[in-house]
Amino acid sequence: MSPAEATAEIARLRAEIAAQDERYYRHARPEITDFDYDRLKRALADLELAHPSAASAAGAASPTRRVGDDRSEGFARVKHRFGMTTLDNTYDEGELRDFHARLVKALGTEDLAYTVEPKIDGVAVSLTYENGHFTRAVTRGDGEEGDDITANVRTIRALPALLSAPPPGDLFAAPAALPQLIEIRGEIFLRDEEFRRINALQEEAGEAPYANPRNLAAGTVKLLDPALVATRKLEIVLYGLGACEPAPDARAEPDSDSPAASAGFDSQSGFQTRLRVWGLPVVEKFWAVRGIDAVLASIRELDALRRGFAYPTDGAVVKLDAFARQRVVGYRGEGQAARKLSPRWACAYKFAPDRAETRILAITLQVGRTGAVTPVAELEPILLAGTTVKRATLHNADEIARKDVRVGDTVLVEKAGEIIPAVIEVVLAKRPAESTAYVFPADCPSCGTPLSREEGGVKWMCLNPLCPEKVRRRIEHFTSKACVDIDGLGEEIVDLLLAKKIIRGVPDLFRLTREQLLPLKKSGELWAANLVNAIAARRTADLWRVIHGLGIPQVGAAAAKDLARRFRSLEALAEASLNEIIQIDGFGEKTAESVLTWFNQPVNRVLVAELTAAGLAPTPPATGPAGGFFAGKTLVLTGTLPSLSREEAQALIEAAGGKVSSSVSKKTHYVVAGEEAGSKLEKARALGVAVLDEAGLRALLAAG
Ligand code: IVH
């Protein structure tokens, strides 16, 4: 490679990685698998090493020299007392041996003690405890400064607000003092089960599902509403030490109980034990071993156990055990003008994702309610990561062409924590001789209308508004729990009504009669009466549910609520101008244009008119002070706040549109707790209601 070519390639890789970082860290929506991302980063690092002058000629700071940046709007920024770096990682045992060899050389001994821990695939967080009290949670951010997500982290039930000091006489009781201040690092994660539950709701709401639990956890810690966070069961596991005052190794006299007494741990394994004694959630298992062979054996054991762990585990983290030795080898980048990069005393070994070979029996097309057509590979069933896989997404026509995927091909299928398996590549050596390139159908598989390419995008769309498959999906969407929520009207009934031509669209639902339904079920009198009543009861559904149910591209539940609040009727919304829509907080041009385009289409105007004629009369939202941060929210005050009287706090909340109630229930959005908060606080914790202190309340008021 010539220096000019190297410069160009380095620049290209840097731009590509920066774009993926942006999607991963800020939007929690990566486009490529971790494995492919790691490959990009490795290719860049290798090139930079081989062509140092090209590396500096390529301009722009290299992503190999910094951590991704997760900071986002709406959060206070907090500086870490001790920088949060990331780790070097490898998929190769040989490189792990090289890591050991470097340490042997630097430390002058073969006899090195390591810990081997699960590498949790979650969202990195730094917690601060002051004199045992949990005071703050901050994201990694750019490594130096992160977002304050304390209110969100307080919703994690297993996280103690107070560290337990061991009783005197306990094995770990000396020294008994808790550090004055300690930063403890760990990962926030979601269990698979919870991931599936939330994703199902997400899809019902017409929002894109998250690819894997990690992305969903990352999206959740960055929600601006702790009450919403509390509805998702975040969990945490802690493993690392940031700042500690007094320093952990300034060992106290054995019988000292002075406040300056140290936290009393001088190794990673000792720290792990200490975390457990303090009552913090820790890894299920870690290994303390000597030498690299024992490290590799522990990693194999971990690989066999990890699928049974609560948290997603994508590898092992190997650390020099002794803190004194960690200090000797230090960090890459340390000492130079640059900042600390990654520790030389630790290395992450990642397990290659679960992949398997299987054959493509057919390629089918799925038509969504917006008309987007997704190609799906129908597979010879295989067992992958513990589940039988029969279908995998092929993403879009361009991806099929790029990989040259054909029916009859043997392909590699991957499932790396993602819920939807994907076809990674074709095993060309196994391609049958008679195979022909796949031709993406020109027409909609449901209605035969020629497909159109989405403007500026990669999707093929069926634009026929009367396409049966689109109609079916639209009705299912409108009646789903997330939208108008019609009791007893599931997919099966909708399919039946469509098949019998009793309905052709949503408006027909509101005209259904008992007589039409009776012939559908044997002795179905009660059923028919109940269904007709259930539909009638939803004629006055909340306006936002109806707007959401219309299936306007880009408009999920949150945007529908904003539109309902601003326009208060379907008629007013249908007449809204672009300017009026864009002025809604949080609405960009893209969403506003999508709304406008939707209402400008004659079929949609007819739909709205028909809905009204069929008796749909949605209920507009109750009015409160417009735009108040607590509009529609119920808060409960308990205990004594440091500077606000109860009346003052109530006035502030009401001025921001909120309601103050005296008892805590599942419907309470926030409990504001001060000194000596009693049973109400306990109840809030038990119900998973978000708890604020005065500072938290003021922060939300200021944010609103
Ligand atoms: S130690 C100085 N231990 O993986 C950095 N990190 O890919 C020390 N991670 O940045 C990090 N499990 O966010 C450590 N047992 C574990 C971990 C772990 C997951 C995360 C962490 C780190 C990233 C590196």
Side-chain angles (χ1 to χ4, degrees), residues 21 24-25 28 30 34-35 37-38 41-42 45 63-64 66-70 80-91 95-96 99 114-127 137-144 146 183-190 213-215 217-218 221 235-244 267-269 271-272 275-276 280-288 295 298-299 302 305-306 309-321 323 325-327 329-334 339-351 417:
D21 278 347
Y24 185 92
Y25 289 106
D34 286 1
F35 190 66
Y37 176 81
D38 289 339
K41 252 193 145 155
R42 175 52 70 95
T64 56
R66 57 173 165 74
V67 306
D69 191 349
D70 69 46
H80 299 298
R81 287 173 190 252
F82 190 87
M84 269 179 103
T85 64
T86 113
L87 287 176
D88 289 340
N89 63 45
T90 177
Y91 290 86
E95 288 186 2
L96 213 50
F99 158 77
Y114 294 101
T115 59
V116 176
E117 298 168 3
K119 176 164 157 40
I120 302 113
D121 192 15
V123 183
V125 65
S126 179
L127 307 183
V138 183
T139 66
R140 173 157 44 215
D142 66 353
E144 306 271 297
E183 283 176 349
I184 302 172
R185 270 79 198 260
E187 302 278 315
I188 293 176
F189 68 94
L190 281 169
R214 192 253 158 219
N215 300 326
V221 300
E235 297 184 52
I236 195 167
V237 54
L238 299 161
Y239 52 71
L241 176 62
C244 186
S267 65
Q268 175 62 18
S269 51
F271 182 60
Q272 283 280 8
L275 289 175
R276 195 157 45 79
L280 291 165
V282 289
V283 292
E284 262 141 289
K285 187 170 167 70
F286 72 91
W287 289 256
V295 164
S298 319
I299 290 178
L302 169 64
L305 294 174
R306 67 188 166 112
F309 292 166
Y311 35 80
T313 305
D314 63 347
V317 181
V318 183
K319 300 174 185 169
L320 259 183
D321 195 23
F323 286 168
R325 286 195 159 147
Q326 291 184 1
R327 274 193 299 276
V329 297
Y331 289 77
R332 272 172 63 224
E334 205 172 28
R339 62 168 64 156
K340 237 170 37 180
L341 293 170
S342 55
R344 291 203 189 87
W345 45 263
C347 184
Y349 174 86
K350 293 218 286 195
F351 300 117

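Just so you know, ligand 1 is whichever comes first in the structure, and atom 1 is the first atom listed for that ligand. It should be emphasised that the depicted structure is a prediction, and the values quoted were computed from it without experimental measurement.
Distances below 4.0 Å separate heavy atoms of Thr85 from the following atoms of ligand 1: 2 (C), 5 (C), 10 (O). Proximity to Thr86 (heavy-atom distance under 4.0 Å) selects the following atoms of ligand 1: 10 (O). Atoms of ligand 1 found under 4.0 Å from any heavy atom of Glu187 (numbered from 1 in listed order, with element): 9 (N), 13 (O), 19 (C), 20 (C), 21 (C). When each atom of ligand 1 is checked for a heavy atom of Pro118 under 4.0 Å away, the hits are 12 (N), 15 (N), 16 (C). Interface atoms of ligand 1 facing Pro343, defined by a heavy-atom separation under 4.0 Å, are 2 (C). Close contacts between ligand 1 and Ala124 involve ligand atoms 13 (O) [criterion: under 4.0 Å to a heavy atom].
Using a distance-only test at 3.5 Å, with no hydrogens or angles considered, a donor-acceptor pair links the side chain of Asp321 to the main chain of Ser269. Side chain of Arg332 to main chain of Leu341: no donor-acceptor pair is present (N/O by atom type, distance under 3.5 Å, no hydrogens or angles).
Residue, atom and distance of the protein heavy atom nearest to atom 16 (C) of ligand 1 are Val317 CG2, 3.5 Å. Looking from atom 14 (C) of ligand 1 to the surrounding protein, the closest heavy atom is Tyr239 CE1, 3.2 Å. Protein heavy atom at the shortest distance from atom 4 (O) of ligand 1 is Lys119 NZ, 2.8 Å. Atom 12 (N) of ligand 1 has Ile120 N, 2.9 Å as its closest protein atom, hydrogens excluded (heavy atom only). Of the protein's heavy atoms, Leu87 CD2, 4.0 Å lies nearest to atom 8 (C) of ligand 1.
In this structure, Tyr114 and Phe99 have tilted ring planes: the angle between them lies in the 30° to 60° band.
Contact annotation: Gly240 has no heavy atom less than 4.0 Å from any atom of ligand 1.
Taking the side chain as every heavy atom from C-beta outward, Val125 and Val123 never approach each other to under 4.5 Å. In this structure, the side chains of Phe189 and Pro213 stay at 4.5 Å or more apart for every pair of heavy atoms.
Results of the side-chain hydrogen bond (donor to acceptor under 3.5 Å, both in side chains) test with Ser342 over Asp88, Thr85, Asn89 single out Asp88 as the only residue that passes. Of the options Gln272, Glu117, Glu187, Arg185, a side-chain hydrogen bond (donor to acceptor under 3.5 Å, both in side chains) to Tyr239 is made by Glu187 and by none of the others.
Residue Arg42 holds its CZ atom at 10.0 Å from OH of Tyr91, rounded to the nearest 0.5 Å.
Considering Arg185, Arg140, Lys319, Met84 only, the shortest heavy-atom separation from atom 3 (N) of ligand 1 involves Lys319.
Taking the centre and axis of the six-membered ring of Phe309, the NZ or CZ atom of Lys285 falls outside the cone set by 45° and 6.0 Å.
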